[in-house]
Every structure is written in structure tokens, then in C-alpha cells.
Amino acid sequence: MSSPDPQVRAARNQSAPSAGHTPAVRGPVVAVTGAATGVGALLTARLAASKEVRRVIAIDERRGECAEAQWHVLDVRDPAIADRLRGADVVVHLALDLDLGSDAAARTAYNVRGTQTVLTAAAAAGVHRVVLCTSAMVYGALPDNELPLSEDAELRATAEATGVGDLLEIERLARRAPRAHPGLNVTVVRPALLVGGTDTALTRYFESPRLLVVAGSRPAWQFCHVEDLCAALEYAVLEKVDGELAVGCDGWLEQEEVEELSGIRRMELPSAVALGAAARLHRIGLTPSPAGDLAYTMYPWVVSGSRLHDAGWRPRWTNEQVLAELLEEVAGRHTVAGRRLGRKDATAAGAAGATVALLGAAAVVRRARKARRR
């Protein structure tokens, strides 16, 4: 009889360990929601390639590109998701809608109901850990914030900024879940300003022809690249760290450093004028961002990330590198007061930032003057 093909012998040797050899420990089965796009797609591919993860279950409303994952197409608000989670050890819930163009009420209904359903379904399916992703924005941007904030700092944000009310409610659900479902552990990951294929009010800040600076404010810019976020989420999945985790680049950039690195000059306005103009422009539908978003460009919300650092995690990206990538991503885009301009409007963008903001402010001032004359 001829000897077996070398590839067959190799397969047999891998599947049947020799006497006295201890088989490698099999890693967890991980389910990822929102797996077809954005951070979810990156994490799904990363976990599927990891030797420390046994299998990846990918859940989204459409099938993604990772062929190595086991796909289930459904809405995360569907209670049937419990059946899809059976056999999973860990669930990473990333199916969130934080799109600036989404209807606020519909966005909240999706985000909150989806998180509630995933937590309940995970407990029913016997999952022992759920990893949620919110944002360091939940700490709030306040003039008296410490630099940097610890993970245990009080969550002092309000619901006035885009999507932050949803994130605060998700944080509340995360705190309640272990009490409502004994045996279920919940880890919450809070990234700094996320960059890497993202579109938010804060990334659009860098699409403006001038960087709006509110007089008397103290901005401190800290970024988080999506690759570093995925690495931090993997740490949580593999239970190398748990609890509330903040993630971002080490340190931060002052406003002057951002202006020097970006080459974009500032436009400075008094606080009352800037906030009043932002509120008015949003109220009449000219901009997608409420005035509450402006606070995150005024005051620090820098995080230390000490728990991840203590566990051995380190960011691969610096703030300077992430800012450079963000500027490359937004090159050619023109945004005024959070509203992205089309190509026809782009020729006027050089003066538009100052013009629109000041026109909005002027309208507020005119209304105030009229009121005083009555």
C-alpha cells in the first residue's frame, strides 16, 4: 500500500495529538451584532482570524463580507435573536444608529430597544458576557473635567448632543442587566473621538474652512482609531479586562497644536453668539447638529484608559497620526456649521464658515434687539 499523501498525514497529525500532548485550549464562540459594516465588520474579520477565538457568529440586517463567520440576517430588535445566540459565550453588540441624518426618535427607538433585546436574548441563550460600546462622550465635556478622566469618573453628560441620550440609556441598561439577569456579565467600552470611516458632528468639525473656537473655552482633543477600538474590544472578548473601559490615544492635543498640525485657521466667537447661532441653525433645520455638540469642541473629555493599559493593551496610533488620517479622509469635503455642502456650494466654502455662523448669530442678535424695543 502506498503511503498517504503528505497533506493527509499533516491533517491526521493535527487532528490526533500524540500521547502525552495536551490539546490547545479552545477559545470562546463570539457573536457580533452590526457585523456587516463599520467597526462591526472590522471586529468580525479580526476575531475570525484570531487563533484565540473558536468561532464567530455575525448578525446584521444584511450579510457582510467575512466568509469565515457564520451569518444570520435579522434585526437585533427581533426576539428570535435569542435562538441565533445559542452556543455563544460572548456577544459584542455594535448594532447602533448614530447617523446624523437619522430621525432622532427612530434612532433612539432602534438603539435602546435593540440593546434591551440583545441583553435579554443573551441571558436567555446562556451567554455569560455581553460587551457594549458607547463613547467617552458619556462623561460629558465640562470646564472642570480632570485631565485625564478615570474610568470611574461620574457620567455627567446630558442628552443635548447627537446620540448621547441613547448612549446614556445604554449605560443604564448595562448597569441593570447583571441584576436583572444573574450570571450575565456586562463590559462597556467607551472610545474617545472615533476616526476611521466614521462620520460624526465631531469629525465634520475638521471639514470646515475655519475651526470654530469659542472664546474662553479650553478644548483638548483625544482621538481613537477604529483599529485600536477593535483591539480593545478583543481584549474584552477574551476577558483580559472587564468593567467600564475607556479607550483612546495616549495623551491629548491642545487647540493650538490641532491648528498647527491641520493648517486650518480658527474663527473665534463669543460663547453666547456661538451657542445661540448653533441652536438657531439647528432649530430651523439648516444644520444636523444640535447646540449640545458644540460643548465637545469647547471643553475636555479626555480619558486615561488605565484599565486597558494595566491589562497590557497599548494604542498603536498616536493623536497626531489619527488627526492626519482624519484630515486625509475629509479632504475635499466642505462643511459649514455641521452641514456638508455639495460641489456647487464648495466654491464659496472659504468664506461660508464665518458667514453662516455670523448670519445665524446676527439673526439671534436682531431678535433680541426687537424684543428689547417692544
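Everything numeric here is computed off the predicted structure, so don't read it as measured data. Excluded from the calculations below are hydrogen atoms, water molecules and symmetry mates; all remaining heavy atoms, backbone and side chain alike, are included. Nothing fancy with the numbering, it's 1 onward along the sequence.
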Margin query: Run the side chain to side chain contact (heavy atoms under 4.5 Å, CB included) test on V138 and I170 for me, step by step, so that the C-alpha distance in whole Å, both residues' side-chain angles and the decisive distance to 0.1 Å come before the verdict.
Written below: CA-CA 10 Å; V138 296; I170 289 170; over 6 Å; no
Next item on the list: Under the side chain to side chain contact (heavy atoms under 4.5 Å, CB included) rule, what do D199 and R204 come out as? Steps first, then yes or no, please.
Entry: CA-CA 7 Å; D199 178 24; R204 287 191 183 189; 2.9 Å; yes
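Between D89 and R129 there is no salt bridge, since no side-chain nitrogen of the basic residue lies less than 4.0 Å from a carboxylate oxygen of the acidic one. For the pair D144 and R156, the salt-bridge criterion is met [side-chain N within less than 4.0 Å of a carboxylate O]. Salt-bridge formation is detected for the pair R307/D152: a Lys NZ or Arg NE/NH1/NH2 atom is positioned less than 4.0 Å from an Asp or Glu carboxylate oxygen. Classification of R190 and E171 as a salt-bridged pair holds, one side-chain N sitting under 4.0 Å from a carboxylate O.
Using a 4.5 Å heavy-atom cutoff, the side chains of L42 and E227 are not in contact. Residues T203 and E329 fail the side-chain proximity criterion, which asks for heavy atoms closer than 4.5 Å. Using a 4.5 Å cut-off on side-chain heavy atoms (C-beta onward), V53 and L238 make contact. Residues L98 and T162 have side chains not in contact (no heavy-atom distance under 4.5 Å, counting atoms from C-beta outward). Between L229 and C133 the shortest side-chain heavy-atom distance falls below 4.5 Å. Considering only heavy atoms from C-beta on, F206 comes within 4.5 Å of V258 through its side chain. The side-chain heavy atoms of V29 and Q70, taken from C-beta on, include no pair separated by under 4.5 Å. Counting only heavy atoms from C-beta outward, the side chains of P315 and H309 approach each other to under 4.5 Å.
Side-chain atoms of Q255 and E259 form a donor-acceptor pair, as typed in the model, at a separation below 3.5 Å. In this structure, a donor-acceptor pair under 3.5 Å is absent between the side chains of D83 and H72.
Atoms CG and CG, on L47 and L233 in that order, are 8.5 Å from each other to the nearest 0.5 Å. The structure places CG of L132 at 6.0 Å from OG1 of T115, a figure rounded to the nearest 0.5 Å.
With V237 as the partner, the side-chain contact (heavy atoms from CB on, under 4.5 Å) test is satisfied by one option alone out of T187, V56, V30, V91: V30.
Here the side chain of R63 pairs no donor or acceptor atom with the backbone of V73 at under 3.5 angstrom. Side chain of N111 to backbone of R107: a donor-acceptor contact under 3.5 angstrom is found. Distance alone, capped at 3.5 Å, is enough to place a donor-acceptor pair between the Y205 side chain and the L212 backbone. Within the 3.5 Å criterion, the main-chain N or O of V247 finds no donor-acceptor partner in the side chain of D228. Although no hydrogens or angles enter the test, the distance criterion places no donor-acceptor pair under 3.5 Å between the side chain of W301 and the main chain of N145. The backbone N or O of P219 sits nowhere less than 3.5 Å from a side-chain atom of S217 that would complete a donor-acceptor pair. Within the 3.5 Å criterion, the main-chain N or O of M137 finds a donor-acceptor partner in the side chain of Y296. Listed for the R210 side chain is no donor-acceptor partner under 3.5 Å among the backbone atoms of R265. Panel note: side chain N319, backbone L253; no donor-acceptor pair is recorded below 3.5 Å. Between the E68 side chain and the A49 main chain, no donor and acceptor come within less than 3.5 Å of each other.
Taking both residues in full, the closest heavy atoms of L94 and G40 are given as CD1-CA, 3.6 Å, listed atom of the first, atom of the second, then distance. Residues P28 and E52 approach most closely at CD-O, 3.2 Å, considering heavy atoms. Closest approach of T44 to A58, counting heavy atoms only: CG2-CB, 4.3 Å. Between T297 and W221, the shortest heavy-atom distance links the atoms CG2-CH2, 3.9 Å. When all heavy atoms of P178 and R175 are compared, the pair lying nearest together is CD-O, 3.6 Å. Heavy-atom minimum distance, L184 versus A123: CD2-CB, 4.3 Å.
Around CD of E65, the count of heavy atoms belonging to other residues, nucleotides or ligands within 6.0 Å does not exceed 12. Residue R266 qualifies as enclosed at atom CZ: its count of foreign heavy atoms under 6.0 Å is above 12. Other residues, nucleotides and ligands contribute only 12 or fewer heavy atoms inside 6.0 Å of the CD atom of E146. Heavy-atom contacts from other residues, nucleotides or ligands closer than 6.0 Å to CZ of R314 number more than 12. Within 6.0 Å of CD on E260 lie no more than 12 heavy atoms contributed by other residues, nucleotides or ligands.
Follow the hydrophobic side-chain contacts under 4.5 Å out from L194 and you reach L308 in the same cluster.
Not a single ring-ring contact (aromatic ring centres under 6.0 Å, His included) links Y139 to another residue, sequence neighbours left out. With sequence neighbours left out, the ring-ring contact (aromatic ring centres under 6.0 Å, His included) criterion links H128 to no other residue.
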